Amino acid sequence: MITRSKLVEQLRDYQIRSQHKCHALTIFSPKPHIFSWADVSVAIFWALVFSMLVISSYVSLYFRHFWLSFVIICLGIFLPIRLRISRLALARKRERRLPLPLSM
């Protein structure tokens, strides 16, 4: 038989498991929270793109292609900013949906 204490324990376990699994990957995630493995794979993809931009900017600086390095650095700065804007937009959209009256 399901008792209230078992339900509370299951809820607590679920909340612990559903918390941010990868704190470092939330920077590169377009969603505010990482819940599924698909979100993790998207965040890993954007992290790899960012790291490739950083490495290619270093290589272009090494070969003294300053304009190319400048463009790559600008893209590397723009990427996390764009992902943060996307996370904030999704969070605002989610907040707008939440406040429903209890009678509904």
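We count residues from 1, following the sequence as given. Scope of the values below: all heavy atoms of this structure, side chains included, with no hydrogens, waters or symmetry mates. Computed from a predicted structure; not experimentally measured.
- Side-chain heavy atoms closer than 4.5 Å link hydrophobic residues (I, L, V, M, F, W, Y) into clusters, and following such links, possibly through other members, connects Phe45 to Ile72.
- Residues in residues 49-64 take part in no salt bridge (charged side-chain N to carboxylate O under 4.0 Å, His left out) pair, two or more places apart or across chains.
- Other cluster members for Phe66: Leu61, joined by side-chain heavy-atom distances under 4.5 Å among Ile, Leu, Val, Met, Phe, Trp and Tyr.
- Think of Phe78 as one node in a network of Ile, Leu, Val, Met, Phe, Trp and Tyr side chains linked at under 4.5 Å; it has no links at all.
- By the 4.5 Å side-chain criterion applied to Ile, Leu, Val, Met, Phe, Trp and Tyr, Ile77 is assigned to a cluster that also includes Ile73, Ile81, Ile85.
- Linking Ile, Leu, Val, Met, Phe, Trp and Tyr residues whenever their side-chain heavy atoms come within less than 4.5 Å leaves Val59 and Val49 in two separate clusters.
- Side-chain atoms of Pro80 and Phe50, non-hydrogen and from C-beta on, do get closer than 4.5 Å to each other.
- Put simply, the side chain of Ile27 does not reach to within 4.5 Å of the side chain of Leu83, judged on heavy atoms.
- Using a 4.5 Å cut-off on side-chain heavy atoms (C-beta onward), Val42 and Ser29 make no contact.
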Return all side-chain donor-acceptor pairs below 3.5 angstrom for residues 51-58, not counting sequence neighbours, or 'none' if the list is empty.
residue : atom : partner : partner atom : Å
Ser51   : OG   : Ala47   : O            : 3.3
Ser51   : OG   : Leu48   : O            : 2.8
Ser56   : OG   : Met52   : O            : 2.9
Ser56   : OG   : Leu53   : O            : 3.0
Ser57   : OG   : Leu53   : O            : 3.4
Ser57   : OG   : Val54   : O            : 2.7

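- The stretch residues 26-55 participates, sequence neighbours left out, in these salt bridge (charged side-chain N to carboxylate O under 4.0 Å, His left out) pairs: Lys31-Asp39.
- Here the side chains of Trp67 and Val71 are not in contact, with every heavy-atom distance at 4.5 Å or above.
- The CZ atom of Phe28 sits 13.5 Å away from the CZ atom of Arg84 when rounded to the nearest 0.5 Å.
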